[in-house]
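Single-structure report; data block below.
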Amino acid sequence: MWRIVNVVGTRPNFMKVAPLWQEYRRHPDRIAPVLVHTGQHYDDNMSARFFAQLELPTPDAYLHIGSGSHAQQTARILLALERYLTEQRPDLVVVFGDGNSTMAAALTAAQLHIPVAHVEAGLRSFDRTMPEEINRILTDALSDYLFTSCADATANLRREGVPVEKIHFVGNVMIDSLRRLQAASPAGPPGLYGVVTLHRPGNVDAQPVLAEILSALQVIQKELPLIFPVHPRTAGRLREFGFWNELQQWPGLKLVEPLGYLDAIGLLSRATVVLTDSGGVQEETTALGVPCLTIRENTERPVTVTEGTNTLVGTGHAQIVAECRKVLAGHGKRGRLPQLWDGHAAERIVQCLLDHPPKK
Ligand code: UD1
């Protein structure tokens, strides 16, 4: 029997662990899964609501990390998790995505000689000003099982010299959750609308960058009603920079609290266009066939551009508006599903673990 500790901390991790959890439970004779929540995301609408909708159990351990600088979050996780993993001595630690919780958990486990599996390995934006890029590189360097969601991620790892036997191309677990819960999602509002999400530090923490993006949204909301679920980081900055009250006056823009998973999927799936800087939303719109304009200069998910519905539009006013108008004129990308984004990635991960058990 293997004890597998799964460490999650931020909102996108919850959609990624959920399908694995379902699969683990199909092998109760071989796998004893444990769920650890670092507490990096702690608001009900960033965390607990997702556990309920994704049918995840109450975590076996909750580390109360909370918000803070990178150093503060990382240090708190190292301390708390070292204690926990030293006591528990699991056979494997599984981490997801690219947050501080992911990287800190991988480092703690590796230092304790506990094998590490990274779900969503190999993604690269080649932009080290993004905290997530540094977390991705470090997590992959520390991992024993690297589960990739697309062929370019496998190629990135091979280029970095990761031995081929550590890399397993399994597909995208985020799409497993989407496919399982899509039918249960509520309908979006009637009529045409667009959806906006923004939270990348590079976009929202710098006043001039945020002002430029908002100036594009101001034009677009006159042509298409926009719904903008506001991430807590972004809400903080909008208030700090004095934009919050002005945005309330725009008739075509509706600011709402962060949505639960089912509401988010329902809203995205019926949107005319989605403007975002989120990694997960780039993938979900590709799976849903909804045109996505990514408000960034690069993406670690290029398959959503080459095969999916995604277009990189940068952070400049003119291009954001022009690309949005193209979609409104009926020229949005249709795209196709990338390889193995078929709702069965978690099955392949668990099968791989059963075929290649962690060394005791
Ligand atoms: C983190 C991840 C990012 C991921 C995102 C999804 C890192 C480095 N980044 O960014 O990759 O895409 O989660 O949301 O790990 N806050 C709350 N309530 C919460 C959590 C946060 O109000 O439940 C506020 C706090 O003011 C905090 C800010 O949001 O300072 C940002 O949270 P933080 O944990 O630093 O990272 P995210 O920006 O959410």
Side-chain angles (χ1 to χ4, degrees), residues 7-17 37-52 54 59 62-78 80-81 95-108 118-121 123-125 127-140 149 174 177 196-206 209-210 228-241 244 255-261 264 268 276-284 294-296 298-301 304:
V7 182
V8 295
T10 57
R11 185 172 58 176
N13 294 165
F14 311 142
M15 293 80 111
K16 291 169 196 167
V17 76
H37 189 332
T38 66
Q40 180 175 345
H41 284 176
Y42 45 85
D43 284 353
D44 180 52
N45 62 15
M46 295 295 283
S47 178
R49 203 191 318 175
F50 285 78
F51 273 67
L54 293 162
Y62 188 86
L63 305 182
H64 298 282
I65 295 312
S67 301
S69 70
H70 287 277
Q72 287 167 335
Q73 285 183 330
T74 304
R76 288 186 208 132
I77 295 167
L78 290 175
L81 209 53
V95 297
F96 304 83
D98 54 17
N100 289 341
S101 296
T102 303
M103 183 277 287
L107 178 55
T108 314
H118 184 203
V119 175
E120 200 182 271
L123 298 183
R124 296 290 180 270
S125 65
D127 173 2
R128 291 203 186 191
T129 66
M130 293 177 71
E132 293 85 358
E133 181 74 354
I134 296 170
N135 289 337
R136 287 190 278 264
I137 292 166
L138 293 176
T139 304
D140 286 339
S149 53
M174 193 96 165
S177 278
V196 178
T197 87
L198 288 173
H199 76 283
R200 291 260 92 83
N203 281 347
V204 305
D205 288 359
V209 181
L210 186 57
F228 183 177
V230 188
H231 185 283
R233 171 188 287 277
T234 310
R237 297 296 180 257
L238 289 172
R239 291 201 171 90
E240 183 184 327
F241 299 144
W244 187 263
L255 302 179
V256 296
E257 291 283 313
L259 300 174
Y261 184 64
L268 290 176
T276 191
D277 59 11
S278 152
V281 174
Q282 291 174 55
E283 296 181 344
E284 287 161 346
T294 293
I295 303 181
R296 286 174 48 189
N298 54 52
T299 177
E300 61 287 331
R301 292 162 164 90
T304 61

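Computed over heavy atoms, backbone and side chain alike; hydrogens, waters and symmetry mates excluded. Predicted model, so just to flag it, every value in this text is computed and none were measured. Residues: numbered from 1 along the sequence shown. Whatever order the structure lists them in is the order used to number ligands and atoms, beginning at 1.
The shortest N/O to N/O separation between Asn135 and ligand 1 does not fall below 3.5 Å. For the pair Ser101 and ligand 1, the shortest N or O to N or O distance does not fall below 3.5 Å. Distances between N or O atoms of Thr10 and those of ligand 1 include no value under 3.5 Å. At a 3.5 angstrom cut-off on N or O pairs, Asn100 counts as close to ligand 1.
Considering only non-hydrogen protein atoms, atom 20 (C) of ligand 1 sits nearest to His41 CD2, 3.4 Å. At the top of the distance list for atom 29 (O) of ligand 1, counting protein heavy atoms only, stands Arg233 N, 3.6 Å. Nearest non-hydrogen protein atom to atom 4 (C) of ligand 1 is His199 NE2, 3.8 Å. Protein heavy atom closest to atom 22 (O) of ligand 1, with residue, atom name and distance, is Pro232 CB, 3.2 Å. Among protein heavy atoms, atom 21 (C) of ligand 1 sits closest to Ser67 OG, 3.8 Å.
Between Arg301 and the choices Glu132, Glu283, Glu284, the salt bridge (Lys or Arg N to Asp or Glu O under 4.0 Å) rule is met once, by Glu283. If you run side-chain contact (heavy atoms from CB on, under 4.5 Å) between Arg76 and each of Ile65, Leu63, Thr38, only Ile65 comes through.
In this structure, the side chain of Asn100 does not engage the main chain of Gln73 through any donor-acceptor pair within 3.5 Å.
Ring geometry, Phe51 versus His37: the interplanar angle falls under 30°, so the pair is classed parallel (tilted spans 30 to 60°). Taking the six-membered ring where tryptophan is involved, the planes of Phe14 and Phe50 are tilted, since the angle between them lies from 30° to 60°.
By heavy-atom distance, the residue among Met103, Glu132, Arg11 lying nearest atom 11 (O) of ligand 1 is Glu132. Among Pro12, Ala48, Pro201, the residue whose heavy atom lies closest to atom 6 (C) of ligand 1 is Pro12.
Contact annotation for Gln72 and ligand 1: no heavy atom of the residue comes within less than 4.0 Å of the ligand. Only the side chain of Met46 comes within 4.0 Å of ligand 1, counting heavy atoms alone; its backbone N, CA, C and O stay farther away.
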Test salt bridge (charged side-chain N to carboxylate O under 4.0 Å, His left out) applied to Arg296 and Asp277, step by step = CA-CA 6 Å; Arg296 286 174 48 189; Asp277 59 11; over 6 Å; no
